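What you see below is based on every heavy atom in this structure, not just the backbone, and it leaves out hydrogens, waters and symmetry mates. In what follows, chains are A, B, ... by sequence order, proteins preceding strands, each numbered from 1. Being a predicted model, the structure only gives us computed values, none of them experimental.
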Amino acid sequence: MLWSRLFIPTLRETPAEAEVVSHQLLLRAGYIRQLSAGIYNYLYLAQRSLLKITGIIRQEMDAIGAQELLLPALNPAEVWQESGRWDVMGDNMFRLKDRFGRDLCLGMTHEEIMTALARGEVRSYKQLPQIWYQIQTKFRDEPRPKSGLLRVRQFIMKDSYSFDLAPAGLDDSYEKHRVAYCRIFDRCGLEYVTVDAHSGAMGGSQSQEFMVATEAGEDYTVICRPTGYAANLEKAVSRPVPPTVPDPDGALAPEKVHTPGAKTIEQVAEFLKLPQTSLMKTLVLMADEKPVIAVLRGDHQLSETKFQTAAGCTEFRPAHPEEMRQILGADAGSLGPVGVKNVRILTDIALQDRKNMVCGANLDDYHLLNVTPGEDFAPEFHDLRQVAPGDTELESGLPLEILKTVEIGHIFKLGYKYSHSMGLNVLNHEGVETPVIMGSYGIGVERILCAAVELFADQNGITLPAAIAPFEVVITPVKSSDESLQTAARALYDELKALGVDVLLDDRDLSPGVKFKDADLIGIPFRVNVGKKLVDGKVEVVNRRTRESADVAVTEAARLLAAQIAAAKQ
RNA sequence: CGGGGCGUAGCGCAGUCUGGUAGCGCACCUGCCUUGGGCGCAGGGGGUCGCAGGUUCAAAUCCUGCCGCCCCGACCA
């Protein structure tokens with residue numbers, strides 16, 4: 001392609017509304033333009049890159065025997081009502097009515113449509129397993145679109161669905177996807193980790209997320225580099241920092257102490273001259289509108305996900321002040337588990353084997369000393385604590401890191417949720433109707449692009465991996481007015497094209513600085529400068545990311561570049 | 001939906017407090033010039049100042065309402 005003929009609207013300055021790096025650079029480099037909050041135009045460069053990404057996805061999906069379909073984005077309400085998700089999805093779903101007043105929605109995922117399709121057609125176990133996938137636009141009415149292409153209302157997703165007769169088959173389909181996803185993200189040149197994830201509202205058993213570490217991410221991932229442990233913060237487990245001071249010895253009885261004005265853990269610790277690790281914090285939560293108490297070490301945070309799992313509730317909220325008073329007889333700041341009857345006391349396992357600690361007395365401005373879980377109250381021990389900085393890995397005791405990450409893929413064993421609610425059954429070997437077991441597997445296509453931009457951006461702009469860059473090579477004739485440079489550049493361009501290289505020729509009549517800056521900004525992995533060394537038959541090949549440059553014979557340049565690109569793509 | 005910020009030319013901004021002919025830089029167009037890192041000179045085009053109402057002789061500026069965008073929180077298969 002000739003740059004002079006392309007629409008690549010680069011910007012010298014960063015638009016004010018862009019906060020995260022990938023958003024700023026994709027705007028500046030002329031990849032995208034915003035139409036509305038969370039809705040973007042993908043311009044030529046973005047589209048080329050996205051096509052390369054989806055090309056890789058297609059190859060790897062096809063390689064595991066998956067079949068590509070394309071399903072409607074416009075869905076009738078009935079299908080979603082059958083699964084129950086018409087209501088569950090709430091305001092996150094774009095809804096509309098047709099001219100006759102019938103309810104429709106824009107698909108935010110396609111479990112229902114896939115299940116409905118399979119239900120109508122798949123009758124026998126002999127037709128299983130099946131893996132169907134599609135690459136298409138999904139719609140979600142996000143409460144707050146943000147971070148450029150990372151959280152949007154309309155985006156491209158590769159989603160696939162597996163249908164198996166039995167759990168062993170699902171395990172197999174799941175594993176195929178896991179391997180395919182690793183290949184896809186490897187080929188896209190990303191650095192990522194795979195983490196165990198919380199199954200969330202989807203219902204189902206096993207679930208893993210593919211995460212890329214970036215400051216722009218919204219999820220937190222806990223990793224231990226030496227051991228390879230990685231988990232979503234919602235699910236991560238760890239060894240907490242040990243208590244600062246040992247617990248007092250002896251079988252001591254609880255002792256009431258006046259703590260005027262000391263409400264927060266910090267204030268109580270200060271008042272009693274004890275470290276926060278010697279205190280217990282007591283939280284009152286309403287789990288499905290029934291009170292439940294959570295007790296943790298003073299310096300620990302409750303994990304909402306773990307609490308929900310332990311409490312076995314579908315939703316929960318902090319109790320209101322008047323509810324706390326009614327349940328425990330005191331205000332937040334003086335609450336404790338001692339003497340509590342008929343309320344579950346979920347207690348974090350970090351308090352197992354602890355004794356003679358401090359907690360609220362359920363009397364305003366009083367605390368209790370010498371409280372021992374298991375003696376002074378009846379704990380129900382669970383892992384409730386959110387992993388915190390400084391924690392170490394559970395098994396090895398090696399240091400953990402907590403990283404901000406963005407989710408680029410998610411694989412999920414759905415189980416029978418949709419086959420049950422929507423009646424997807426086949427006849428098994430014995431001729432008995434059996435529900436089909438399903439899996440669902442998603443990849444955020446734009447997020448791959450964003451993640452690559454975030455991972456590899458430098459001061460000069462984007463530096464994309466060769467496999468997903470819109471072009472592989474840009475040729476820059478340094479002096480626009482020099483005919484011999486133009487001719488040589490053009491010849492090299494034709495040669496590269498003949499070798500199947502995606503090459504861009506910067507034939508614009510601009511000063512060299514402008515062309516260099518633009519080429520750097522848009523992130524093409526290789527640049528060929530055709531300049532003054534041409535008189536010696538040489539051109540300069542520059543690696544965008546490493547800045548390494550080499551003078552090569554113009555006659556060899558095309559062949560060398562083709563080889564380097566092939567190597568860069570693995 | 002709660003809290004905060006911002007809407008003035010394609011982009012970045014000043015002007016708003018204290019009402020009086022709408023500005024600057026970049027980008028864009030024309031010509032000359034220049035050509036190894038956003039080059040120089042000269043000339044030029046482009047804005048219902050987010051929208052609507054109000055106050056005033058006069059509103060980008062003051063008042064009221066609305067809309068949009070961004071950030072924090074809530075939310076997030």
Side-chain angles (χ1 to χ4, degrees), chain A residues 7 9-20 23-24 27-28 30 33-39 80 83-85 88-93 107-112 114 138-148 150-153 155 157 159 161 197-204 207 209 216-219 232 234 304-305 315 317-318 406-407 409-414 417-418 438-444 459-461 476-482 485-486 506 508-521 527-534 539-540 542 547 549 551:
Chain A
F7 180 55
T10 57
L11 301 172
R12 189 184 296 222
E13 287 171 293
T14 303
E17 73 266 15
E19 186 92 353
V20 304
H23 190 198
Q24 293 178 343
L27 283 170
R28 278 193 58 209
R33 285 294 183 265
Q34 182 168 347
L35 178 62
S36 180
I39 305 177
W80 288 82
S83 71
R85 291 208 295 180
V88 172
M89 290 306 188
D91 290 337
N92 278 340
M93 181 181 261
M108 42 200 303
T109 172
H110 278 74
E111 281 83 2
E112 280 81 358
M114 284 281 184
K138 310 278 177 177
F139 301 86
R140 291 184 193 177
D141 196 355
E142 287 289 339
R144 185 149 91 83
K146 59 173 178 177
S147 307
L150 284 174
R151 181 160 294 279
V152 288
R153 296 196 288 174
F155 58 96
M157 178 185 272
D159 53 332
Y161 303 87
H198 176 65
S199 302
M202 291 289 291
S207 162
E209 290 168 331
E218 305 184 273
D219 293 319
N232 192 305
E234 292 179 343
E304 298 189 0
T305 317
E315 58 181 9
R317 59 171 174 83
V406 62
E407 177 187 348
H410 195 166
I411 57 177
F412 208 97
K413 290 185 182 173
L414 281 176
K417 179 176 158 80
Y418 295 92
M438 293 174 58
S440 116
Y441 318 87
I443 291 178
Q459 279 199 317
N460 298 302
T476 308
V478 174
K479 196 168 169 178
S480 308
S481 55
D482 187 328
L485 298 187
Q486 295 296 334
D506 194 350
R508 297 174 300 170
D509 182 16
L510 291 170
S511 72
V514 176
K515 289 188 279 195
F516 292 151
K517 289 284 186 193
D518 268 350
D520 285 352
L521 179 60
R527 183 175 79 219
V528 183
N529 293 334
V530 182
K532 52 194 172 204
K533 293 166 193 151
L534 185 67
V539 293
E540 188 179 16
V542 184
R547 300 259 125 192
S549 72
D551 293 336

Note to self: Need the pair for B/G19. Rule: Watson-Crick or G-U wobble, both distances under 3.5 Å, any strand; none if unpaired.
What the structure shows: none

Notebook entry, point to check: Between B/C32 atom P and A/Asp509 atom CG, what is the distance in whole Å?
Noted result: 12 Å

Item checked: Donor-acceptor pair present, A/Arg151 side chain and B/C76 base, under 3.5 Å -> yes

Margin query: Can you measure A/Lys517 atom NZ to B/U35 atom P for me and round it to whole angstrom units?
Written below: 20 Å

Notebook entry, point to check: Contact class for A/Asn529 (heavy atom, under 4.0 Å): base, sugar-phosphate, or nothing?
Noted result: base

Next item on the list: Rounded to the nearest angstrom, tell me the gap between atom CG in A/Leu534 and atom P in B/U35.
Entry: 18 Å

Next item on the list: Please work out if A/Met93 contacts a base, only the sugar-phosphate, or nothing of the nucleic acid, heavy-atom cut-off 4.0 Å.
Entry: nothing

Notebook entry, point to check: Is A/Arg12 side chain donor-acceptor paired with the B/G37 base, going by distance under 3.5 Å alone?
Noted result: no

Next item on the list: Look at all strands and tell whether A/Arg317 reaches a base, only sugar-phosphate, or nothing, counting heavy atoms closer than 4.0 Å.
Entry: nothing

Item checked: Position toward the 5' end of RNA chain B (nearest nucleotide), A/Val530 or A/Glu407 -> A/Val530

Margin query: Using the side-chain heavy atoms of A/Ser481, tell me which of these nucleotides is nearest: B/G37, B/G12, B/U35.
Written below: B/U35

Notebook entry, point to check: Atom CD of A/Glu142 to atom P of B/C1: distance rounded to whole Å?
Noted result: 16 Å

Notebook entry, point to check: Base, sugar-phosphate, or nothing for A/Asp91, non-hydrogen atoms under 4.0 angstrom?
Noted result: nothing

Note to self: Base contacts versus sugar-phosphate-only contacts with protein, heavy atoms under 4.0 Å: please encode nucleotides 68-74 of chain B as B, S and - from 5' to 3'.
What the structure shows: -SSBBBB

Item checked: Partner nucleotide, any strand, of B/C24 [Watson-Crick/G-U, under 3.5 Å] -> B/G12

Margin query: Do A/His410 and A/Asp159 have side chains that approach each other closer than 4.5 Å (heavy atoms only, starting at C-beta)?
Written below: no

Check: A/Phe516 CZ to B/U35 P: how many Å, rounded?
Finding: 14 Å

Notebook entry, point to check: Just how far, in rounded Å, is C1' of B/G36 from CG of A/Asn460?
Noted result: 15 Å

Notebook entry, point to check: Once you round it to whole Å, what is the distance between C1' of B/G37 and CG of A/Leu521?
Noted result: 13 Å

Margin query: Need one value for A/Asp482: base, sugar-phosphate or nothing, where a base atom within 4.0 Å counts as base even if backbone is also close, heavy atoms only.
Written below: nothing

Next item on the list: Kindly point out which of B/G12, B/U35, B/C39 is positioned nearest to the side chain of A/Glu13?
Entry: B/G12

Checklist line | Electrostatic pair A/Glu111-A/Arg85, nearest N-O below 4.0 angstrom | finding: yes

Notebook entry, point to check: Once you round it to whole Å, what is the distance between P of B/U35 and CG of A/Asp506?
Noted result: 18 Å

